[in-house]
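To start, the structure itself, in C-alpha cells.
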Amino acid sequence: MSSSDAGLKDTADKNTASAVSNFIRDIIDEDLCTCKNGSRVHTRFPPEPNGYLHIGHAKSICLNFGIARDYKGLCNLRFDDTNPSKEDTEYVDSIREDVRWLGFDWDDREFFASDYFEKLYQYAVELINLGKAFVCDLTPDQVRQHRGSLTEPGTPSPFYSRSIEENLDLFSRMRAGDFPDGSRTLRAKIDMASPNFNMRDPIMYRILRADHHRTGNLWCIYPMYDYAHCVSDALEGITHSICTLEFEDHRPLYDWFLDQFAELGHPQQIEFARLNLTYTVMSKRRLLELVQQGLVSGWDDPRMPTLSGMRRRGYTPEAICSFCDRIGVAKRDSTVDMALLEHCLREDLNKRARRVMAVLRPLRIIIDNYPEGQIDELHAINNPEDQSAGTRMVPFSREIFIEQDDFMENPPKEFFRLAPGREVRLRYAYFIKCESIEKDTATGDIIALHCTYDPATRGGDSPDGRKVKATLHWVSASHAVEAQVNLYDKLFSVSDPSDTSEGKDYKDYLNPYSIECMNGCRIEPSLASAKPGDLYQFERLGYFCIDSAGSSNGSLVFNRTVTLRDEWTKIKKGKK
RNA sequence: UGGGGGAUCGUACAAUGGCAGUACGCCAGACUCUGAAUCUGGUUAUCAAGGUUCGAAUCCUUGUCCCCCAGCCA
C-alpha cells in the first residue's frame, strides 16, 4: 500500500498546485453554487484521430482531466472521427498511449463520434420533420457563391423550400448511396443573412465514400463537426465542453442545434487560448508536413513537440503536467517561452535522474606518476537530491578521458578548468596537475595531456585544505564503454517560425544544428546495462536517456534530453 | 469593410472598485567535489485619451492595435 499512499500524497499535492484559479474554474465554481447540471462536472477530451498528440494537446488534456479530478467529476476520451478521409487507427492507438502516459485514465468512457452515427442520423431526420433541415443539390462551388461575403448576406438555396416528405426521401436515399459524392448535402435552415457565417444554413451531412477506420463502408454520408460535436457532448452528459478560441464563432450554432432537441442536455461550450511555444510549430498540418517530407524521422522524432517525440527525448509526464499547470489558462493569444518548459523538465529530472559520468569528446590524460596497471575503486554518489539512490564504485586508472572542452592551452581569465601548470579535481577521485601537452607533430593537434596526481587527495578532498577552481568529470580509458550520443537542440532557429512576414516559410527556419550525432563517446562502465526508460544526468553536461528506437542492435545510443544550465557557455557567448 | 474575441513586467498567469503580485527569463551576490542544484537581492508592466469615484488594471465613453471566421476540415 505504500506506493498508493505516495500516490495519494502526489495527487493531493497536485490538487493543491492546480487549485490556482482560472476563468474556466470560476465558471464551474459558479455553476456548482447554483446547482446547475445537478452539481455534476463532466468534461471530455475530443481529439480527431488524424495525427499524433502534441504539447498543445497536453494543455487541453491536463485542463479537462485536471478539472474532472479536482471537482470529483469525470472526463471522457472521445475520438472525433467524422471525416474518414483523414483518420486512421494508427492515430487512435497513439492518442490512447499518449493520454495514458501523461497519467490520465478514462476508465470505460472511451467513445467515438462514429458510435453515434445512427443516433445522429435519427436526430437529423427529426430536424427535417421539424421543417428545420433540407436536402440541398447545390455543388460545392455554388454553395460558396450563395454564402455571401463578410459584408454581404448570403442568398437562400433554391432547394430551401422542398417538402418535408421530399427531404425525408432524399436524405434516406443519400444514406442508401443513391447519389454520387458531393452531389447533395443536408443543411440546417437557420439564417442566410446572419453576420456569422456558421449560421448561414450550415451543412450537416455530406456524401463521402471513404473507408472509415471503424465503420468501414457502412456509411456513405458523414456528419459535419458542428452537428456531430454538440450532439455527442449532449449524449455523453458533458457539462462543460472546453475547446479552443477558433470555435468561439461556432458557439451560436452549437447552442442552436441543442436547442432543437429538448430531450438532450445542453452542455456549455467554453473557449480558451491554445498553447503556442517559442522555437517550434504546433499545427497538425505543419507537423504532418515535417513527417511526410522527411524533414524529421517521424512523429516521434525527439525534436518534435509531439508527446511521443518528447517521450523519446526523455521528457517525463510529470514535467509536462507541471508545465501545463504553470502556464495558466486564459483567452488571449500567447506564446510561452520554451525556457519555462525546460525549467519544468530540469526541475523534475534533477530530483530523479541518477548521476553518472560520460565524456562526449574524449581527451586522453596520462597520469605519469600513477602506477601502471593499478586500479582504484572510488565511491560516487548516485543522486545528491535523493540519498536512497545510494552510491556506486567507479574505476580509476593511469589513463583516463576528460572532455576536450575542459582543457585550454591558453585560457582566458574566466576559464576555471584544466590548463598547463594548473591543478583541478577529478570528481570523486584525485587532484591532477597538467604538466605537458603531447601534440601530433604533423597537425599540431593535441593527442594527450601528461599530468601528475596527488595521492593524498584520494576521494577528492585535499588534507592540506588547498582549493581548486574546477571539478571535472572523467572516465577510465580502459574501463569506459563506447556509446553514441545524439545531441538535440531546438528544431527551429527563430523564436516564431510561423512568422511569414519576411516572405519565408516556416521550413526555411529549420535549425541545421538541431541534431548532432556523437560517436565514440566514452561512458562509465555502470552505464553498460542502461535500459530504455532510465534517466541519467551526465554530470556537468545534461540529462540523457537511452534512445528507445536506436539501441536495439546491442550498441548504446543516448539522447540528450536537455542540457544543464551552463554559466560558462553564457560567458563564452558573451565574449564573442 | 460584417461578425466574434483579446490587449497587465522580456514571456506567461494573478489581482474582479482598496498597497499591481507570482513563476520563468535576465542581472548581481552567497554557497558548492556538477560553472548544476540550492539560497539572497535586483530589474522591468496595466494599449491610448477622456470621464465616474475619496480611490480605477477593474466601471463608462471614444480611439488604436492584435487574433479568428466566407471547407461538403476539425
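To find a chain, count down the sequence lines: A is the first, B the second, and so on, and within it residues start at 1. Small disclaimer: the values here were computed from a predicted structure and weren't measured.
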Problem - Base versus backbone protein contacts along nucleotides 14-25 of chain B [heavy-atom cut-off under 4.0 Å; B, S, -] - result: SSB------SSS
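- Of the candidates A:F117, A:Y116, A:Y205, A:Y121, A:Y222 forms a ring-ring contact (aromatic ring centres under 6.0 Å, His included) with just one, namely A:F117.
- Look at A:E318 and A:K351 and you find no salt bridge, because none of the NZ, NE, NH1 or NH2 atoms lies under 4.0 Å from a carboxylate O.
- If you take atom P in B:G17 and the same atom in B:G42, they sit 30 Å apart, rounded to whole Å.
- With a 6.0 Å radius and a threshold of 12 heavy atoms from other residues, nucleotides or ligands, A:R274 has its CZ atom at or below the threshold.
- For the residue pair A:E539 and A:Q537, no side-chain donor N or O sits within less than 3.5 Å of a side-chain acceptor on the partner.
- Regarding A:L535, its CG atom lies at a distance of 17 Å from the C1' atom of B:A36, rounded to whole Å.
- Checked by atom type, the side-chain pair A:Y506/A:E289 shows a donor-acceptor distance below 3.5 Å.
- Looking at heavy atoms from C-beta onward, A:Y52 lies in side-chain contact with A:Y91 at the 4.5 angstrom threshold.
- Proximity of A:I270 to A:F23: side-chain heavy atoms (C-beta onward) are separated by under 4.5 Å at one or more points.
- Put simply, NE2 on A:H473 is 13 Å from C1' on B:G35, counting in whole angstrom units.
- In this structure, B:G25 is classed as anti because its glycosidic torsion departs from zero by more than 90°.
- For the C1' atom pair drawn from B:U46 and B:C9, the interatomic distance equals 10 Å after rounding to whole Å.
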Practice task
Any chance you could lay out the side-chain contact (heavy atoms from CB on, under 4.5 Å) test for A:L63 and A:V329, step after step, and finish with the verdict?
Solution key: CA-CA 8 Å; A:L63 218 203; A:V329 180; 4.0 Å; yes
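- Going from the C1' atom of B:C65 to that of B:C31 covers 48 Å, rounded to whole Å.
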Handout entry: Pairing string, 5' to 3', for RNA chain B - Watson-Crick or wobble contacts under 3.5 Å, brackets [ ] where pairs cross, | to another strand
Key = .((((((..((((....[..)))).(((((.......)))))....(((((..]....))))))))))).....
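- Among the atoms of the strands shown, none is found under 4.0 Å from any heavy atom of A:P252.
- Distance check on atom P: B:C59 versus B:C27 gives 38 Å, rounded to whole Å.
- Among the protein residues, A:E342 comes within range of no part of the nucleic acid, since none of its heavy atoms lies under 4.0 Å from any strand.
- Using a 4.0 Å heavy-atom distance criterion, A:F415 is classed as a base contact.
- Between the side chains of A:N383 and A:R355, at least one donor N or O sits under 3.5 Å from an acceptor N or O.
- Rounded to whole Å, the P atom of B:G55 lies 15 Å from the corresponding atom of B:C19.
- Salt bridge status for A:E48 with A:K86: absent, with no side-chain N to carboxylate O gap under 4.0 Å.
- Rounded to whole angstrom, the span from the CZ atom of A:R200 across to the P atom of B:G2 amounts to 13 Å.
- OP1 or OP2 of B:G35 has not a single side-chain nitrogen or oxygen of A:T569 nearer than 4.0 Å.
- Looking at A:D233 and A:R78, a side-chain N of the basic residue comes within less than 4.0 Å of a carboxylate O on the acidic one, giving a salt bridge.
- The structure places CD of A:E524 at 4.0 Å from CZ of A:R392, a figure rounded to the nearest 0.5 Å.
- Every pair tested for salt bridge (Lys or Arg N to Asp or Glu O under 4.0 Å) that includes a residue from residues 196-207 of chain A fails, sequence neighbours excluded, so the list is empty.
- In this structure, the CG atom of A:D325 is 19 Å from the P atom of B:A12, given to the nearest Å.
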Exercise for the section: Would you check, one step at a time, whether the test side-chain contact (heavy atoms from CB on, under 4.5 Å) holds for A:I327 with A:L275? Expected result: CA-CA 9 Å; A:I327 54 177; A:L275 170 67; 4.0 Å; yes
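- Annotation: B:A37 and B:G5 have their P atoms spaced 44 Å apart (nearest Å).
- Within residues 269-276 of chain A, no residue has any heavy atom under 4.0 Å from RNA chain B.
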Problem - Footprint string (nucleotides 64-74 of chain B, 5' to 3'): B base within contact, S backbone only, - free, heavy atoms under 4.0 Å - result: ---SBBBSBSB
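- Each of A:K467, A:K433, A:R466, A:K469 was checked for a salt bridge (Lys or Arg N to Asp or Glu O under 4.0 Å) with A:E423, and the lone residue meeting it is A:R466.
- Here, B:C26 and B:A12 have their C1' atoms 15 Å apart, quoted to the whole Å.
- Across the protein-nucleic acid pair, A:L418 atom CG and B:U34 atom P stand 17 Å apart, rounded to whole Å.
- Heavy-atom minimum distance, A:T155 versus A:M192: O-CE, 3.4 Å.
- When heavy atoms are screened at a 4.0 angstrom cut-off, A:Y428 is found touching base atoms of the nucleic acid.
- Residue A:E524 contributes atom CD, which lies 16 Å from atom P of B:U34 at whole-angstrom precision.
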Practice task
Decide yes or no on side-chain contact (heavy atoms from CB on, under 4.5 Å) for A:Y428 and A:H379, but give the supporting numbers first.
Solution key: CA-CA 7 Å; A:Y428 300 123; A:H379 260 297; over 6 Å; no
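- Both A:K469 and A:E248 lie near RNA chain B, and the one whose nearest nucleotide falls closer to the 5' end is A:E248.
- Distance CZ (A:R251) to C1' (B:G3): 13 Å, rounded to an integer number of Å.
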Quick one: which protein N/O atoms are closer than 3.5 Å to N/O atoms of nucleotides 40-45 of chain B? Pair and distance per line, please.
none

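- Side-chain N/O atoms of A:R540 and base N/O atoms of B:G35 include no donor-acceptor pair closer than 3.5 Å.
- On the C1' atoms, B:A14 is 12 Å away from B:A57, given to the nearest whole Å.
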Exercise for the section: Carefully, step by step, assess A:T316 and A:R352 under the rule side-chain contact (heavy atoms from CB on, under 4.5 Å). Expected result: CA-CA 10 Å; A:T316 59; A:R352 63 209 297 175; 4.0 Å; yes
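- In this structure, A:E567 places its CD atom 13 Å from C1' of B:A30, rounding to the nearest Å.
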